[in-house]
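Presented below is the structure to which this report refers.
FYI, side chains are in, hydrogens and waters are out, and symmetry mates aren't considered; it's all heavy atoms of this structure. Residue numbers begin at 1 in each chain, while the letters A, B, ... track the order of the sequences.
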Amino acid sequence: VENIEVDGHMWHFKYPLADGVTYDYVEKDEDGNETLRETRNYISIATTRPETMLGDGAVAVHPSDERYASIVGKLCEIPVGPKEHRRLIPIITDEYPDPDFGSGAVKITGAHDFNDYEVAKRNGIPLYRLMDTKGAMRADGAPYADESAKAKQIVASGVLPDANSVDTINLVPEDYRGLDRFQAREKIVTDITAEGLAIMVPETDARLGPVKAPLAPEEGGEVRAEVPLVEAKKIMQPFGDRSKVVIEPMLTDQWFADAETLARPAIEAVEQGRTKFVPSNWDKTYFEWMRNIQPWCISRQLWWGHQIPVWYGPDETIFCGRTELEAYEKAALHYSTPKAVDALATVKAGRASNFLTRDPDVLDTWFSSALWPFSTLGWPDETPELDQYYPTSVLSTAFDIIFFWVARMMMMGLHFTGKEPFHTVYIHALVRAADGQKMSKSKGNGIDPLDLFDEYGVDAVRFTLAAMAAQGRDLKLDTGRIAGYRNFGTKLWNAARFAEMNDAKFDPNFEPANAKDPINRWILSSLSDAVDSVSQGIESYRFNDAAADLYKFVWNQFCDWYLELAKPVLQGDADDAQKAEARATTGYVLAEISKLMHPFMPYITEVLHEHLRGPDAGVAALAQWPEGKVRDADAIADIEWLIGLVSAIRSARAEMGITPGSEIDLTVVGAGAETTARLARQTSIISRMIRAPKVGVADAVPAGAVQIVYADVTLCLPVAGIVDFEAETKRLDEEISRNAKEIDRLEKKLGNAKFVSNAPAEVVEENREKLAGYQAEGAKLNEARARIAAI
RNA sequence: GGGCGAUUAGCUCAGCGGGAGAGCACUGCAUUGACAUUGCAGGGGUCACUGGUUCAAUCCCAGUAUCGCCCACCA
């Protein structure tokens with residue numbers, strides 16, 4: 001079923017009062033002033049489904065509605081059908097009608113409307129069924145004259161017969177019998193209007209919906225012609241998923257489960273934390289539904305599914321049993337007749353009996369699905385599988401199914417096994433169509449994952465979904481994002497190719513902790529951090545964080561920096577031991593990446609895993625999860641300093657318009673012992689990364705140099721003759737202004753006594769350190785600026 | 001009508017009480033080099049609005065606006 005808003009009409013008809021009754025109809029405005037007073041001999045009723053008028057059992061008004069107080073308890077006539085057999089129905093009071101809506105009077109058709117059903121039940125109003133299962137007006141039963149006499153008899157006697165006998169009464173007049181409900185509607189509207197029982201309004205009335213054009217004055221019509229009041233109205237109507245046909249509410253016999261009783265332990269399980277929702281705010285949705293749960297209609301008129309385990313005796317007595325035999329046993333006991341006992345013997349002997357007939361209905365698909373966690377494991381038998389795998393652990397699903405499935409698995413699991421079916425319900429976002437709408441089969445606006453697989457690869461799509469699996473409720477899948485992650489897979493693949501070309505293999509004898517080169521120790525330490533953050537992300541269901549951390553580590557650390565830093569070693573004139581360590585590190589990190597990324601990109605990583613570790617290592621999915629082996633803070637500080645230095649120089653070179661190919665020496669001024677040592681260690685790498693033939697230390701800034709303030713030193717690129725001093729001045733001025741802004745901000749903050757006294761000490765200290773850093777940088781920048789000015 | 005949620009860069013989305021982030025798109029430069037499905041560098045945001053709490057608010061609270069989803073639905 002799908003609810004769709006459609007353009008409907010609302011008609012207004014007169015139900016004439018019986019026995020010549022009239023009343024003063026008084027309408028008041030908001031201030032209580034009378035705006036209309038007239039004597040009426042009818043009550044005005046609005047409806048969007050005039051064909052259901054035939055089944056009306058009463059007209060209801062609100063008890064506080066003064067307009068109708070004088071006619072409550074009187075009878076009015078349904079203005080449809082042969083005049084001599086028209087039915088009279090009582091005017092009753094009920095809380096349901098809204099006095100401010102329409103005329104304030106509602107016709108009650110208990111068999112064809114959910115609200116009316118409740119009103120009818122409260123007030124002992126008969127439920128007359130008007131349609132058959134095809135949505136056509138009933139054509140069964142006796143002639144209308146006889147049937148309507150039965151209905152009149154009910155009103156006259158004041159005694160409500162049992163539901164089944166009321167249901168046999170067909171109150172559809174011969175003229176409408178067998179018509180589809182829509183045809184009947186049209187004919188009924190025409191007939192009532194022709195008889196003058198439609199509410200008429202001037203044609204200028206603003207409320208008018210589609211109406212027939214009135215006669216023009218020259219054709220004999222009046223200037224202010226009156227036309228039937230038909231309001232255009234948006235109606236939410238249920239349509240069949242497959243049939244695309246309007247579904248009519250209709251009274252039928254169904255089986256219901258007592259959902260309230262089932263829900264109680266399921267609510268407690270979540271309240272007491274035995275089952276948790278992730279993200280946790282979804283438990284609100286769960287509680288909201290479970291605490292307002294309605295009886296659950298579990299029978300369906302379909303031919304597939306679990307059949308309802310109910311058998312009927314010859315007198316319609318109900319026998320419920322796990323098996324047919326059980327039902328026959330109960331029947332034999334109940335009837336104790338030779339026939340019933342014989343039937344039991346027949347069934348016991350394995351032969352068929354037709355003493356009982358089985359209910360043809362099947363269970364709601366969600367009823368059967370709710371059994372899934374344990375019925376798949378052999379339940380109701382006590383199987384080893386059930387013992388081992390129930391309760392399950394984590395249910396991963398989308399929020400749109402919390403009502404339908406999650407809640408019901410909870411109810412059924414607790415009812416039948418006494419245990420919650422899972423300890424965690426992980427709720428992920430829902431992929432929406434490009435237009436932001438929920439994908440739906442009937443709208444045909446879905447995205448076929450297979451098309452995405454064809455275009456971008458399964459790994460890319462999977463990684464994208466993981467990367468976007470954040471807390472949000474829905475996500476519009478951005479194909480640009482998928483393309484980006486496809487490129488990520490390619491990047492990893494090419495890195496592996498590079499490793500292979502350089503003979504960097506996974507070496508089972510390599511012990512990461514023994515690596516000596518700071519570059520290797522750095523990437524191994526970074527790997528340890530990545531292992532931590534990815535593991536943590538997965539364990540806390542933050543898959544997007546895990547994916548982002550992987551992306552940054554693999555691309556921005558391993559590919560962008562480690563492999564570039566390793567090139568001089570692998571391809572230069574380093575000694576054999578250094579080369580071997582770089583190869584082993586590369587192979588090792590790649591092999592660990594293959595495992596770390598395997599949950600996110602299973603295909604490419606499986607290939608890499610096998611390729612690196614050899615066919616005997618087993619599949620990546622079953623491999624030991626990575627573990628951080630090296631944590632070297634010095635190596636991290638060293639290499640991060642190096643990366644910062646290279647980036648700063650590249651940035652300045654690009655900004656100064658120095659062509660990437662040109663070679664410029666680097667002179668470092670103001671280096672302390674640590675920086676001098678670092679420089680010495682990394683000279684060849686720096687030289688290669690920034691195209692500086694010579695890297696040296698000096699006490700003074702060389703003439704005509706670009707000056708870059710970096711950490712505690714000034715990096716000088718002597719470019720006399722090439723450099724544009726105006727541009728250099730501008731660059732430094734911008735740096736100085738940026739720096740000054742930070743200093744200003746921090747000074748203000750630290751100058752605030754309330755901040756210093758109220759903020760945590762470490763925050764204050766942190767800000768002080770920052771300020772000191774900026775001040776030192778500012779001093780150097782100003783010196784650099786002064787040197788330029790001096791030239 | 002009831003409930004839930006969203007509003008952050010051009011787009012798709014993270015973040016979240018102490019200096020605004022990613023991918024894509026955009027700009028400049030680079031092509032015999034693992035990778036142009038690339039590299040280097042860069043531009044771009046009053047974190048919807050209005051109040052409040054706080055030493056400090058994109059983040060917490062209240063209200064407003066807009067949008068969305070679920071449930072129910074006025075004859």
Report, one pair per line, the protein and nucleotides 43-45 of chain B atoms (nitrogen or oxygen only) whose separation is under 3.5 Å.
none

Does a side-chain N or O from A/Lys754 land closer than 4.0 Å to OP1 or OP2 of B/U54, or not? no
Any base atoms under 4.0 Å from A/Arg745, or only sugar-phosphate, or nothing? Heavy atoms, all strands. base
What integer number of Å spans the C1' atoms of B/A9 and B/U46? 14 Å
Kindly say if A/Lys284 contacts the phosphate of B/C70, meaning a side-chain N or O under 4.0 Å from OP1 or OP2. no
Any residue meeting side chain to side chain contact (heavy atoms under 4.5 Å, CB included) with A/Thr93, in chain and number order, not counting sequence neighbours: A/Val61, A/Pro63, A/Val72
Check the interface with nucleotides 56-58 of chain B: list each N/O to N/O pair with the protein under 3.5 Å, or write none.
none

Once salt bridge (charged side-chain N to carboxylate O under 4.0 Å, His left out) is applied, do any residues pair with A/Lys505, and if so which ones, sequence neighbours excluded? A/Asp503
Quick check on side chain to side chain donor-acceptor pair (under 3.5 Å): which of A/His9, A/Glu248, A/His112 does A/Arg49 satisfy it with? A/Glu248
Dot-bracket line, read 5' to 3' along RNA chain B, where crossing pairs take [ ] and | marks a partner on another strand, Watson-Crick or G-U under 3.5 Å: (((((((..((((....[..)))).(((((.......))))).....(((((..]....))))))))))))....
Nearest-Å distance once atom C1' is located in both B/G19 and B/G23: 24 Å
Residues at least two apart in sequence or cross-chain that pass side chain to side chain donor-acceptor pair (under 3.5 Å) with A/Asn502, listed by chain then number, are A/Gln571
Tell me every residue that passes side chain to side chain donor-acceptor pair (under 3.5 Å) with A/Asn758, counting only those two or more places apart in sequence or in another chain. none
So does A/Pro249 get a backbone contact from the side chain of A/Asp113, meaning a donor-acceptor N/O pair under 3.5 Å? no
What integer number of Å spans the C1' atoms of B/G15 and B/A57? 15 Å
List in chain and number order the residues that pass salt bridge (charged side-chain N to carboxylate O under 4.0 Å, His left out) with A/Arg497, two or more places apart in sequence or in another chain; answer none if no residue qualifies. none
Over all strands shown, is A/Ala548 touching base, sugar-phosphate only, or nothing at heavy-atom distances under 4.0 angstrom? nothing
Just to be sure I understand the rule, does A/Lys770 reach a base, reach only the sugar-phosphate, or reach nothing, if contact means heavy atoms closer than 4.0 Å? base
Is any side-chain N or O of A/Arg542 closer than 4.0 Å to OP1 or OP2 of B/G15? yes
Check ring-ring contact (aromatic ring centres under 6.0 Å, His included) between A/Tyr286 and all other residues, then give those that pass, not counting sequence neighbours. A/Phe277
Could you work out, with side chain to side chain donor-acceptor pair (under 3.5 Å) as the rule, every residue matching A/Glu765, not counting sequence neighbours? none
Centroid-centroid under 6.0 Å between A/Phe543 and A/Tyr426 rings: yes
Name the one of A/Glu735, A/Glu734, A/Glu728 that satisfies side chain to side chain donor-acceptor pair (under 3.5 Å) with A/Arg731? A/Glu728
Please list each protein N or O that sits under 3.5 Å from an N or O in nucleotides 71-73 of chain B, with the distance.
unit_1 : atom_1 : unit_2   : atom_2 : d
B/C73  : O3'    : A/Asn115 : ND2    : 3.4

Please state the P separation for the pair B/U8 and B/U50 - nearest whole angstrom. 16 Å
Could you run down nucleotides 36-42 of chain B 5' to 3' and tag each one B, S or - for protein heavy-atom contact under 4.0 Å? -BSSSSS
B/A34, B/C74, B/G5: which one has an atom nearest the side-chain heavy atoms of A/Asp113? B/C74
